[in-house]
Amino acid sequence: MAESSSPGWFRRPLEGRYGISLAVAIVALAPFIVVSTADVMFAKQVQAELGMDQLATELIAGFSISGYAFGAFTGGDLIQRFRQRHLFLISEALFVAGCAISAGANGAVVFGFGRILSGFATGLLLVIALPPVIQRFPAGKLGVTMAWVNLGFFGAVCAGPLIGGVVATAHAWRWFFIGLGAIGLLNLATAALTEPLYNPPNPGLKFDRVGIA
């Protein structure tokens with residue numbers, strides 16, 4: 001059982017449940033992995049519909065990965081100074097917004113912005129979502145945690161091309177992003193009932209402007 005946290009004003013009936021906490025963390029991270037391996041299957045359809053060329057597609061994919069890396073770097077700073085629960089909910093909401101923007105895009109710039117935003121949000125979640133699950137539950141659960149994380153992540157990698165092929169066959173890339181956003185929205189609701197309210201470890205830590213730059 002996880003250690004207790006401050007009650008706050010919002011009741012969290014699922015707090016302290018190991019299985020649900022782990023599932024919330026994995027579901028927060030897996031959709032971006034699916035996108036990164038699925039999009040190549042329907043990229044030509046996106047290009048045709050949004051008037052993009054191959055270079056734009058490659059740039060969007062590259063900047064999305066860069067956004068993921070920058071999000072992880074930024075999350076490492078934010079988690080020191082702000083409550084993990086609040087950061088998780090905001091980051092998951094940003095992922096949902098990114099998926100919605102991509103789904104409704106009418107041009108390459110808007111589509112790319114949505115992809116980059118969802119990548120950045122997932123990078124934040126990489127630091128914000130998973131480490132607390134590892135730290136707040138008994139060390140004896142670490143092996144189980146790692147096994148499920150590996151299954152979730154590598155399963156998402158393997159499932160990506162299959163899902164992308166189905167999406168391409170149905171010409172449903174917009175629905176693909178809508179579906180990912182819906183998953184993120186459900187995970188956001190579950191996290192609101194699950195994520196504990198802990199004070200940050202170093203609330204007085206100054207923002208590292210030079211490091212972030």
Side-chain angles (χ1 to χ4, degrees), residues 1-36 68-100 117-159 179-205 207:
M1 191 75 170
E3 59 180 334
S4 61
S5 63
S6 56
W9 61 271
F10 186 82
R11 186 169 177 267
R12 304 182 292 277
L14 302 180
E15 180 182 338
R17 299 190 181 185
Y18 169 74
I20 295 177
S21 297
L22 179 59
V24 165
I26 293 174
V27 172
L29 301 173
F32 180 76
I33 301 175
V34 173
V35 175
S36 65
Y68 175 82
F70 184 67
F73 185 78
T74 306
D77 177 88
L78 296 178
I79 199 71
Q80 295 293 319
R81 298 181 290 111
F82 300 99
R83 287 176 166 174
Q84 180 265 345
R85 173 184 170 84
H86 298 160
L87 291 173
F88 186 103
L89 298 179
I90 292 171
S91 299
E92 189 68 76
L94 287 176
F95 174 81
V96 173
C99 290
L117 179 61
S118 62
F120 174 72
T122 307
L124 290 172
L125 288 165
L126 179 65
V127 179
I128 294 167
L130 195 55
V133 177
I134 297 173
Q135 295 166 0
R136 291 173 184 161
F137 289 93
K141 293 186 179 293
L142 185 58
V144 177
T145 300
M146 292 300 98
W148 279 107
V149 168
N150 284 333
L151 284 172
F153 288 8
F154 287 107
V157 170
C158 294
L180 292 181
I183 291 172
L185 195 59
L186 288 173
N187 202 47
L188 177 62
T190 306
L193 304 175
T194 305
E195 294 298 309
L197 188 65
Y198 287 93
N199 291 323
N202 297 299
L205 186 69
F207 184 71

key: Spatial distance of atom CG (Leu188) from atom CD1 (Ile90) [nearest 0.5 Å]   = 10.5 Å
remark   = Rounded to the nearest 0.5 Å, the CZ atom of Phe95 sits from the SG atom of Cys99 at a distance of 3.5 Å
task = Evaluate the criterion side-chain contact (heavy atoms from CB on, under 4.5 Å) for residue pair Leu87 and Leu124; output intermediate values, then yes/no.
result = CA-CA 8 Å; Leu87 291 173; Leu124 290 172; over 6 Å; no
message = Quick test of your reading: applying side chain to side chain donor-acceptor pair (under 3.5 Å), list the pairs with at least one residue in residues 90-99, sequence neighbours left out, ordered by first then second residue.
response = Glu92-Asn187
Please tabulate, for the side chains in residues 69-77, all donor-acceptor contacts under 3.5 angstrom to protein atoms that are two or more places apart in sequence or on a different chain.
| unit_1 | atom_1 | unit_2 | atom_2 | d |
| --- | --- | --- | --- | --- |
| Thr74 | OG1 | Phe70 | O | 2.8 |
| Asp77 | OD2 | Arg81 | NE | 3.4 |
| Asp77 | OD2 | Arg81 | NH2 | 2.5 |

key: Heavy-atom closest pair, residues Ala25 and Ala129   = CB-O, 3.8 Å
Taking every non-hydrogen atom, the tightest pair across Pro196 and Arg85 = O-CB, 3.1 Å
ask   = Does the side chain of Leu197 reach to within under 4.5 Å of the side chain of His86, using non-hydrogen atoms?
value = yes
Taking every non-hydrogen atom, the tightest pair across Ser21 and Val133 = O-CG2, 3.7 Å
ask   = Which atom pair, heavy atoms only, marks the closest approach of Ala191 to Leu89?
value = CB-CD2, 3.9 Å
ask   = Hey, what do you get for CD1 (Ile128) to CG (Leu78), rounding to the nearest 0.5 Å?
value = 6.5 Å
ask   = Around atom CZ of Phe153, are there more than 12 heavy atoms of other residues, nucleotides or ligands at under 6.0 Å?
value = yes
query = Less than 4.5 Å apart, any side-chain heavy atom of Gln84 and any of Ile79?
reply = yes
message = As an exercise, state the distance from OG1 of Thr194 to CD1 of Ile20, rounded to the nearest 0.5 Å.
response = 5.5 Å
message = I'd like to check the side chain to side chain donor-acceptor pair (under 3.5 Å) partners of Thr190; sequence neighbours left out, ordered by chain and number.
response = none
inquiry  = For a 4.5 angstrom cut-off between non-hydrogen side-chain atoms, does Thr145 reach Phe137?
reply    = no
note = CG (Leu130) and CG (Leu125) are apart, to the nearest 0.5 Å, by 10.5 Å
inquiry  = With a 3.5 Å distance limit and no angle check, can you tell me whether Arg136 reaches the backbone of Pro131 through a side-chain donor-acceptor pair?
reply    = no
task = Using side chain to side chain contact (heavy atoms under 4.5 Å, CB included) as the criterion, list what pairs up with Ala156, not counting sequence neighbours.
result = Ala30, Ile33, Val34
remark   = Residue set satisfying ring pair (Phe, Tyr, Trp, His ring centres under 6.0 Å) with Tyr68, at least two apart, ordered chain then number -> Phe32
note = In short, Trp148 meets Leu22 closest at the heavy-atom pair CB-CD2, 3.8 Å
ask   = Which pair of non-hydrogen atoms, one from Arg83 and one from Pro200, has the smallest distance, and what is that distance?
value = CG-CD, 3.8 Å
inquiry  = By the side chain to side chain donor-acceptor pair (under 3.5 Å) test, which pairs, at least two apart or in different chains, include something from residues 117-132?
reply    = none
